[in-house]
There are 2 protein chains.
Amino acid sequence: MTATTPRVRGEYAKTAARRQAIIAAAVEVFSSTGFHKGSLRDVADRAGLSQAGLLHHFPSKHHLMQAVLTWRDDQAQARFDFDAGGLDTLRALVDLVEFNQTETPELVELFAILSGEATAPDHPVHDYFLRRYAVVLDFVRAAFAELAETGQLRPGVDGTSAARSTVAVMDGLQIQWLYDRDSVDMAAEVRRHIQSLVTVEL
Amino acid sequence: MTATTPRVRGEYAKTAARRQAIIAAAVEVFSSTGFHKGSLRDVADRAGLSQAGLLHHFPSKHHLMQAVLTWRDDQAQARFDFDAGGLDTLRALVDLVEFNQTETPELVELFAILSGEATAPDHPVHDYFLRRYAVVLDFVRAAFAELAETGQLRPGVDGTSAARSTVAVMDGLQIQWLYDRDSVDMAAEVRRHIQSLVTVEL
DNA sequence: GTCTATATACTGATAGAC
DNA sequence: GTCTATCAGTATATAGAC
């Protein structure tokens, strides 16, 4: 009986629910303090079990952190249409920013803090973010490249550069938003930025 | 005898040098691990004195962190011409990015990590970053506003929005650069971004 | 699967000699 | 001004009962 055994019914349903509750608690803790400062005891308390009990499900703090990131990736992949292509990809990107701001503000916090913390080469999830940025940048770059082929890219705009600045605007705005949530509309700003790079209406 | 007593000669020169060495060591430590994970013992070791000895100069970890930020602000103020005005302000901004990337990469790390960590309202330097972003954003906004008066702003561009996106690009690029230093030219990207907002040659 | 108890290590800060 | 010694707190992780 592995982890791929059906989880909705049977003796593993409770375990799966437990794991999910722990991950949710971990998001709460790590999003407000980062990985280093966040404690397993705090996570365990919020999940309603002891710290040793938590370590039965995730053998180490590092494993828990990885589980959180994997869970979040699965969530994003289910919601976001990565295969839209060209302009629709960029529209979906703006929608994602809007969704994150209104529906999952804790995950915005989590990634804002972790992406900074994990720049240190020996950080437990450094490699995750290294790969993540490579993938995201290449993905956005491909979208701009598609637009270039159909002449929808503003003259003089380079695809790689456009991808870099677009991702940078998204990340930078998250920081500003976390310091002053009422006066920053992340989606609107990202939309404006992308609009300044293309010739067609977003 | 206060801290404003001449430091170059006399019995206070050594103390000032000691404090400076400690601050330099603190930049090293906090820039690679952040405030929470960075330890006073590590800082003390690098500065060549005991942990208790360090606490004679800075009564707490929080005080040391504040001293680092204040020192950095003084440095920046001495180098950066804040009163240039209009287009020259924006040019100085690009120069600053270039300078930081080539001359003070550790401070880029420090601010990238801390600006994320300190989004938590109870972080020791949360208020510092809150105020810092308010000041910087208003400063850049004023520069764009000056350009608007002389018709040097691209039609449809709002000063506040331009300031937000410009600062966001700067912050976001720092993260990307820290993950892949060889393939990101921060100054060039910032210049490109600002150029897309104004009608005159930067 | 969950618990209590604990091992081990490290933290920031203090006390007091010199 | 700097040190050694130490305190009290917290951390992750493990051992073993149930």
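Protein chains get the first letters and strands the later ones, always in sequence-line order, with residue 1 at the start of each. None of the values given here were measured: they were computed from a predicted structure.
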Taking the six-membered ring for Trp, are A/F129 and B/Y179 parallel (under 30°), tilted (30 to 60°) or perpendicular (over 60°)?
parallel

Please state how far atom [atom1] in [X] lies from atom [atom2] in [N], giving the value in whole angstrom units.
X: A/F58; N: D/dT12; atom1: CZ; atom2: C1'; value: 16 Å
X: B/K61; N: C/dT11; atom1: NZ; atom2: P; value: 9 Å
X: A/R19; N: C/dT2; atom1: CZ; atom2: C1'; value: 16 Å
X: A/D45; N: D/dA11; atom1: CG; atom2: C1'; value: 14 Å
X: A/L40; N: D/dT14; atom1: CG; atom2: P; value: 12 Å
X: B/M65; N: C/dT11; atom1: CE; atom2: C1'; value: 17 Å
X: A/L55; N: D/dT12; atom1: CG; atom2: P; value: 9 Å
X: A/K37; N: C/dT11; atom1: NZ; atom2: C1'; value: 10 Å

Look at the side chain of A/Q195 and the backbone N and O of A/L202, then say whether any donor-acceptor pair between them is shorter than 3.5 Å.
yes

Would you find a donor on one side and an acceptor on the other, under 3.5 Å apart, between the side chain of A/E117 and the backbone of A/F35?
yes

Is a side-chain donor-acceptor pair under 3.5 Å present for A/R192 with B/S165?
no

Pair A/E189-B/S161, side-chain donor/acceptor within less than 3.5 Å:
yes

Classify the nucleic acid contact of B/R41 as base, sugar-phosphate or nothing, counting any heavy atom under 4.0 Å across all strands shown.
base

Classify the nucleic acid contact of A/L49 as base, sugar-phosphate or nothing, counting any heavy atom under 4.0 Å across all strands shown.
sugar-phosphate

Is there a side-chain contact between [X] and the phosphate of [N], meaning an N or O under 4.0 Å from OP1 or OP2?
X: A/H57; N: C/dT2; answer: yes
X: B/H56; N: D/dT2; answer: no
X: A/S50; N: C/dT2; answer: no
X: A/T15; N: C/dG1; answer: yes

Shortest side-chain distance from A/S39, nucleotide among C/dG1, D/dT12, D/dA13
D/dT12

Could you please name the option among C/dG1, D/dT6, D/dA15 that lies closest to any side-chain atom of A/A52?
D/dA15

Between A/P59 and B/Q51, just flag the one whose closest nucleotide in DNA chain D comes earlier from the 5' side.
B/Q51

